[in-house]
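For clarity, every value in this text was computed on a predicted model and none was experimentally measured. Residue numbers start from 1 in every chain, and the chains themselves are labelled A, B, ... in the order their sequence lines are given, proteins ahead of strands.
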There are 2 protein chains.
Amino acid sequence: MIEMLWEQPIRDLSIASIMDGTGLSRPAFYQYFPNVHGLVEQLLADLEVELVAAAMPWFTAVGDSRAALRDSLRGIIAVCIENGPVFRAISESAPLDARLELAWTEFMGRWDDSVSERIALEQKAGAIGPLNGVAIAVALNRLDASTLIAEFGRRPQGDPEAVLDSLYHIWIKALYTKPIQGFEGLPS
Amino acid sequence: MIEMLWEQPIRDLSIASIMDGTGLSRPAFYQYFPNVHGLVEQLLADLEVELVAAAMPWFTAVGDSRAALRDSLRGIIAVCIENGPVFRAISESAPLDARLELAWTEFMGRWDDSVSERIALEQKAGAIGPLNGVAIAVALNRLDASTLIAEFGRRPQGDPEAVLDSLYHIWIKALYTKPIQGFEGLPS
DNA sequence: CATTCTACTGACTTGCTGTCAGCACGTCGG
DNA sequence: CCGACGTGCTGACAGCAAGTCAGTAGAATG
């Protein structure tokens, strides 16, 4: 199935077409998964392990963590180059099933928690200024997810270096840049 | 249908349930739209008009445009507070139909073009530094779309002021902040 | 009043999902 | 060696929503 996702979006896959490649009959599918969304949920769990591993550098960095942030983003991008269509299929399927939607929400929530926590840590150390860490974390994670899926979720894939530069730029500026006189606190 | 989207996700709507509220039969639906995705495509066209109008301030600002950027974001947020579930339904449906997916891609592409153009303009005026305007524009637009849909696409909706602050923070930092010595050009 | 047009409907076909009784085959106690 | 049981799988069935179509009722037209 994963191979098929490189060739066609998940909307074009039926259980029959998935099972065609296995030599088994369609009902055999239900011996292993309750439905297609159950299979996708499994793919998400597998992908999460890889992504978390790739993101370690920044979460565990000591001292100046900006280089580690770049390493983490590079690692995540590498995982997405290998698994982009799977990532895309998951995000496209999530809204179609309540249970899968919950799994996706929790998946994103764990990233939000991890990033928020890291921001709080660096704020305590003085490396990051007094911003709303949770809200910024949520926004940056959504940025990453949609960018990665859009750039690597189908062929032709985007340019890894350009994506890395863009994401890194935004993360660095949003988190590590000190307020500049006159740029903040504009009247609303 | 729009009213129903406040109560339930679009996956739970069938053509039959949509037509139930109209007093007409199910086949009558096909007199007006080729299928549900055709209806959603129309919703997207309508929403785009509202969003573009709300975003005008920044695109037309002269001189220091940072306050105008805040106004544009506030306007877009206001539109999403009124139409969040519609926006969400569109983005959730887009992957399910090739034609609607194209409409969505073009919709996002027009935002990317407008924002890229504005960035180039401000770079020429010296307000924005030498960054990859197109790539940053694409990333920021995806950030906005996913954040707005997540925060306002269902009840309970998020806090407009908090969302405004977060988005504004990221846009301002990513675009208008000058490079800081030692923060850029880290070894990769 | 006769004719045409238009909006609409009941009934049908199609395609995919999910279920279930049953079959082939391997395994194990006697 | 044999009969009972488990397991993995399948063909066939039922359900459901989408999309199609011939046909109808009522308004518009001459």
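Candidate nucleotides C:dC12, D:dG11, C:dG18 were compared by shortest atom distance to the side chain of A:Asn35, and C:dG18 ranks first. Closest approach to the B:Arg26 side chain among C:dA11, C:dG18, D:dT10 is made by C:dA11 (side chain taken as heavy atoms from C-beta onward). Nearest to the side chain of B:Ser14, among C:dC20, D:dA18, C:dC8, sits D:dA18.
A distance of 5.5 Å separates SG of A:Cys80 from CG of A:Leu51, quoted to the nearest 0.5 Å.
With salt bridges taken as basic N to acidic carboxylate O contacts below 4.0 Å, none links A:Lys124 and A:Glu117. A salt bridge links A:Asp71 to A:Arg74: at least one charged side-chain nitrogen sits closer than 4.0 Å to a carboxylate oxygen.
Following rounding to the nearest Å, A:Ile10 (CD1) and C:dT17 (P) show an atom-to-atom distance of 11 Å. Taking atom CD1 of residue A:Ile15 and atom C1' of nucleotide C:dG15, one finds them 13 Å apart after rounding to whole Å. Remark: C1' of C:dC16 and CG of A:Asp20 are 14 Å apart, rounded to the nearest angstrom. Nucleotide C:dG18 holds its P atom 14 Å from the CE atom of A:Met19, rounded to whole Å. Taking atom CD on B:Gln31 and atom P on D:dC21, their separation rounds to 14 Å, with Å as the unit. Taking atom CD1 of B:Ile18 as the reference point, atom C1' of D:dG19 lies 14 Å away to the nearest angstrom. A straight line from CZ of B:Arg11 to C1' of D:dA17 spans 17 Å, rounded to a whole angstrom. Straight-line distance from the OH atom of B:Tyr32 to the P atom of C:dT6: 13 Å, rounded to whole Å.
Within the nucleic acid shown, B:Phe29 has no heavy atom closer than 4.0 Å to any nucleic acid atom.
Neither OP1 nor OP2 of D:dT10 sits under 4.0 Å from any side-chain N or O of A:Tyr30.
Checking each of A:Ile90, A:Asp97, A:Val40 against A:Trp104 for a side-chain contact (heavy atoms from CB on, under 4.5 Å) leaves exactly one that passes, namely A:Ile90.
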